[in-house]
Amino acid sequence: MVIADRIQRISLSIFSPVIAITSALFVGAILMLIAGANPIAAYIALFQESLSTYFGFGNTLTKMAPLLLTSLGVLVALRAGQFNIGGEGQIYLGALGSTLVGLYVQGLPGIIHVPLALLAGFLFGAVWGWIPGYLKARRGVNEVITTLLLNYIAVNLVSYLVQNPLQAPDAPSPYSPLIAKSAQLPIVLPGSLAHGGILLALVAAGILWVLLVRSPVGYQITAVGFNPIASRYAGISVERTIILVMALAGGLAGLAGACEVMGLKYRLFEQVSPGYGFDAIAIAFLSRGSVLGVVLTSLFFGALRSGANVMQRSAGVPVTVVYAIQGLTVLFIAISLAVERQIKSDSSSR
């Protein structure tokens with residue numbers, strides 16, 4: 001009986017995301033037919049460009065890097081039962097931190113300047129995650145509300161800075177001067193946009209997997225997520241764990257912002273992120289708590305973003321259909337989670 005339940009649980013965890021993505025693509029195809037487009041041609045253009053061409057795959061990796069880092073932040077918070085909705089703001093703060101180091105710390109070799117700028121991005125994001133973690137642990141303030149509201153503060157703070165003290169001289173639109181070359185991430189696929197941020201994101205995923213699965217800290221995080229009351233009786237500091245995971249979540253999202261500045265744009269723009277922080281929430285839920293799942297789902301979402309414009313040009317399908325597919329994926333995974341919960345409830349009642 002135990003083996004059967006375990007097989008059922010593993011099967012659900014594998015097939016639920018696959019079914020959710022397939023269903024979203026199917027409904028997306030129906031939307032394309034209604035709009036008078038050929039869905040087969042559209043999907044071929046989308047995935048062929050983003051996965052099978054050199055430049056397109058490089059662009060996919062470029063978009064995957066911030067998605068992966070921010071999604072890992074959402075995932076580690078979820079492991080402790082916390083909902084980090086503030087990835088977008090943490091991306092902005094991380095971008096700000098790395099920009100300040102890239103602009104005002106001069107004369108360093110790249111081997112020192114790059115890690116220093118990344119560290120600044122991590123710390124700025126970590127502080128932005130620490131705030132709601134502290135308020136939740138010490139004051140009982142709901143972290144969903146605080147992380148969501150901190151997004152607006154971060155976005156408007158960066159907007160003010162690039163329009164005033166950080167604005168480049170004679171800039172036609174709000175953005176900062178270029179960061180030092182010694183603070184820029186290297187390109188990993190010559191002739192494409194893919195930069196070292198993707199390698200950093202994959203390394204972060206590996207480290208986080210070891211932390212969560214193979215370390216005492218990971219056990220404490222998971223225990224707090226399952227049952228904070230029992231964890232407290234077992235001698236685990238629930239408050240400290242909550243603060244830790246929220247700061248770590250913010251730091252990972254901060255690294256995503258740092259990579260956007262250091263590897264792609266080389267300056268701080270008013271619009272640092274096109275919504276990566278919100279996509280990360282969907283990716284973390286779709287991955288069902290698996291670090292490997294986050295990596296694969298980030299690749300899928302990166303491919304959607306990378307191939308969207310090509311799909312629009314070649315098949316006449318608006319880019320908004322891609323965003324509809326992302327939303328539908330989240331909807332179907334939510335339905336699958338509800339169905340799974342009902343199946344588990346029925347199994348336990350027998």
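Please read these numbers as outputs of a predicted model, since none were measured by experiment. Computation of the quantities below employed the complete heavy-atom set of this structure, encompassing side-chain atoms and omitting hydrogens, waters and symmetry-equivalent molecules.
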K.L.:
Of Val144, Leu148, Leu150, which meets side-chain contact (heavy atoms from CB on, under 4.5 Å) against Pro132?
P.N.:
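When side-chain contact (heavy atoms from CB on, under 4.5 Å) is applied between Pro132 and each of Val144, Leu148, Leu150, only Leu150 qualifies.
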K.L.:
For Arg240, does the CZ atom have more than 12 heavy-atom neighbours from other residues, nucleotides or ligands under 6.0 Å away?
P.N.:
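Check fails, neighbour count at 12 or below.
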K.L.:
Would the number of heavy atoms belonging to other residues, nucleotides or ligands and lying under 6.0 Å from CD1 of Ile111 be above 12?
P.N.:
no
K.L.:
Could you pull out the closest heavy-atom pair between Ile187 and Ala194, with the gap in Å?
P.N.:
CG2-O, 3.2 Å
K.L.:
Applying side-chain contact (heavy atoms from CB on, under 4.5 Å) to Phe285 and Leu78, what does each step give before you reach the verdict?
P.N.:
CA-CA 9 Å; Phe285 276 98; Leu78 283 174; 4.1 Å; yes
K.L.:
Mark yes or no for whether Trp130, through its side chain, and Met246, through its backbone, hold a donor-acceptor pair below 3.5 Å.
P.N.:
no
K.L.:
Shortest non-hydrogen contact from Ala180 to Gln106?
P.N.:
CB-OE1, 3.9 Å
K.L.:
Hey, could you give me the CG/CG distance between Leu68 and Leu75, rounded to the nearest 0.5 Å?
P.N.:
10.0 Å
K.L.:
Would you kindly confirm whether Leu33 and Ile325 end up in one hydrophobic cluster when ILVMFWY residues are joined by side chain heavy atoms under 4.5 Å apart?
P.N.:
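No, separate clusters.
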K.L.:
Looking at Asn59, Asp279, Thr60, Thr62, which hits side-chain contact (heavy atoms from CB on, under 4.5 Å) with Arg305?
P.N.:
Asp279
K.L.:
Counting only heavy atoms not in Phe300, do more than 12 sit closer than 6.0 Å to its CZ atom?
P.N.:
yes
K.L.:
To the nearest 0.5 Å, what is the distance between CD (Gln90) and CD1 (Ile85)?
P.N.:
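Nearest 0.5 Å value for the CD-CD1 distance: 10.0 Å.
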K.L.:
Passes side-chain contact (heavy atoms from CB on, under 4.5 Å), Lys181 versus Tyr266? Steps please.
P.N.:
CA-CA 9 Å; Lys181 286 189 177 296; Tyr266 306 130; over 6 Å; no
K.L.:
Using a 4.5 Å cut-off on heavy atoms from C-beta on, say whether the side chain of Asn84 contacts that of Glu143.
P.N.:
no
K.L.:
Calculate, to the nearest 0.5 Å, the distance between atoms CZ and CG belonging to Phe332 and Leu25 respectively.
P.N.:
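The distance works out to 10.0 Å.
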K.L.:
Are any of the side-chain nitrogens in Arg232 or Glu239 under 4.0 Å away from the carboxylate oxygens of its partner?
P.N.:
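Salt bridge present between Arg232 and Glu239.
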K.L.:
Is there a donor-acceptor pair closer than 3.5 Å between any side-chain N or O of Arg139 and the backbone N or O of Tyr134?
P.N.:
no
K.L.:
Would a distance-only check, ignoring hydrogens and angles, find a side-chain to backbone donor-acceptor pair under 3.5 Å from Gln82 to Ala80?
P.N.:
yes
K.L.:
Is any side-chain heavy atom of Tyr92 closer than 4.5 Å to one of Asn151?
P.N.:
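No, their side chains stay 4.5 Å or more apart.
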K.L.:
When you measure from the side chain of His113 to the backbone of Gly107, do you find a donor-acceptor pair of N or O atoms at a distance under 3.5 Å?
P.N.:
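Side chain of His113 to backbone of Gly107: no pair is present.
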K.L.:
Quick one: do Leu46 and Ile21 end up in the same hydrophobic cluster if we chain Ile, Leu, Val, Met, Phe, Trp and Tyr together by side-chain heavy atoms under 4.5 Å apart?
P.N.:
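The answer is yes; both residues are in one hydrophobic cluster.
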K.L.:
If we ignore hydrogens and angles and just use 3.5 Å, is the side chain of Ser290 paired with the main-chain N or O of Ser287 as donor and acceptor?
P.N.:
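No; zero donor-acceptor contacts below 3.5 Å.
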K.L.:
Just say parallel, tilted or perpendicular for the rings of Phe269 and Tyr175, cut-offs at 30° and 60°.
P.N.:
tilted
K.L.:
Verify, without hydrogens or angle tests, whether Ser192 (side chain) and Phe55 (backbone) share a donor-acceptor contact under 3.5 angstrom.
P.N.:
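Not confirmed, Ser192 side chain does not pair with Phe55 backbone.
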K.L.:
Determine, using the 4.5 Å side-chain heavy-atom cutoff (strictly less than), whether Tyr233 and Ile221 are members of one ILVMFWY cluster.
P.N.:
no
K.L.:
Let me confirm one number: the CG-CG distance from Leu299 to Leu67, rounded to the nearest 0.5 Å.
P.N.:
10.0 Å
K.L.:
Search all heavy atoms of Val295 against all heavy atoms of Ala205 and return the closest pair with its distance.
P.N.:
CG2-CB, 4.0 Å
K.L.:
Does the side chain of Lys136 come within less than 4.5 Å of Asn142's, by heavy atoms?
P.N.:
no
K.L.:
Determine whether a donor-acceptor pair (N or O, by modelled atom type, separation under 3.5 Å) exists between the side chain of Ser71 and the backbone of Ile283.
P.N.:
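No, Ser71 side chain to Ile283 backbone: no donor-acceptor pair under 3.5 Å.
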K.L.:
Begin from the C-alpha positions of Leu304 and Phe47 and carry the test side-chain contact (heavy atoms from CB on, under 4.5 Å) through to its verdict.
P.N.:
CA-CA 8 Å; Leu304 286 179; Phe47 290 110; 4.1 Å; yes
K.L.:
Please tell me if the side chains of Leu118 and Pro115 come closer than 4.5 Å, counting only heavy atoms from C-beta onward.
P.N.:
no
K.L.:
Is a side-chain donor or acceptor of Tyr276 paired with a backbone partner of Lys63 at a separation under 3.5 angstrom?
P.N.:
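Side chain of Tyr276 to backbone of Lys63: no pair is present.
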K.L.:
To the nearest 0.5 Å, how far apart are CG in Leu185 and CG in Leu200?
P.N.:
7.5 Å
K.L.:
Identify the heavy atoms of Ala223 and Ile236 that sit nearest to each other, and give their distance.
P.N.:
CB-CD1, 4.0 Å
K.L.:
Could you walk me through whether His195 and Cys259 pass the side-chain contact (heavy atoms from CB on, under 4.5 Å) test, one step at a time?
P.N.:
CA-CA 8 Å; His195 53 76; Cys259 289; 4.1 Å; yes
K.L.:
Does any part of the side chain of Phe122, heavy atoms only, come nearer than 4.5 Å to the side chain of Leu248, both counted from C-beta?
P.N.:
yes
K.L.:
Is there a path from Leu119 to Leu208 through hydrophobic residues (I, L, V, M, F, W, Y) whose side chains come within less than 4.5 Å of each other?
P.N.:
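Yes; tracing contacts between hydrophobic side chains, which count when under 4.5 Å, links both residues.
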K.L.:
If you count heavy atoms of other groups shown closer than 6.0 angstrom to CD1 of Ile40, is the number above 12?
P.N.:
no
K.L.:
Work out which heavy atom in Arg267 is nearest to a heavy atom in Ala168; give both atom names and the distance.
P.N.:
NH1-CB, 4.3 Å
K.L.:
Does the side chain of Ile131 reach to within under 4.5 Å of the side chain of Thr146, using non-hydrogen atoms?
P.N.:
no
K.L.:
For residues Gln167 and Val162, determine if any side-chain heavy atom of one lies less than 4.5 Å from a side-chain heavy atom of the other.
P.N.:
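They are not in contact (no side-chain heavy atoms under 4.5 Å apart), so the answer is no.
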K.L.:
Is the closest side-chain heavy-atom distance between Met64 and Ile198 below 4.5 Å?
P.N.:
yes
K.L.:
Is there a donor-acceptor contact under 3.5 Å from the side chain of Thr70 to the main chain of Gly277?
P.N.:
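Between the backbone of Gly277 and the side chain of Thr70 there is no qualifying donor-acceptor contact (under 3.5 Å).
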K.L.:
Do Leu252 and Ile207 belong together in a cluster built from hydrophobic side chains that touch within less than 4.5 Å?
P.N.:
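Not linked; separate clusters.
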K.L.:
Kindly state each residue pair satisfying side chain to side chain donor-acceptor pair (under 3.5 Å) with at least one member in residues 45-56, sequence neighbours excluded.
P.N.:
none
K.L.:
Can you tell me how far apart OG (Ser215) and CD (Gln220) are? Round to the nearest 0.5 Å.
P.N.:
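It comes to 8.5 Å.
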K.L.:
Does Ser182 use its side chain to pair, donor to acceptor, with the backbone of Gly110 at less than 3.5 Å?
P.N.:
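Between the backbone of Gly110 and the side chain of Ser182 there is no qualifying donor-acceptor contact (under 3.5 Å).
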K.L.:
So, for Leu93 and Phe124, which heavy atoms are closest and what is the spacing to 0.1 Å?
P.N.:
O-CB, 3.3 Å
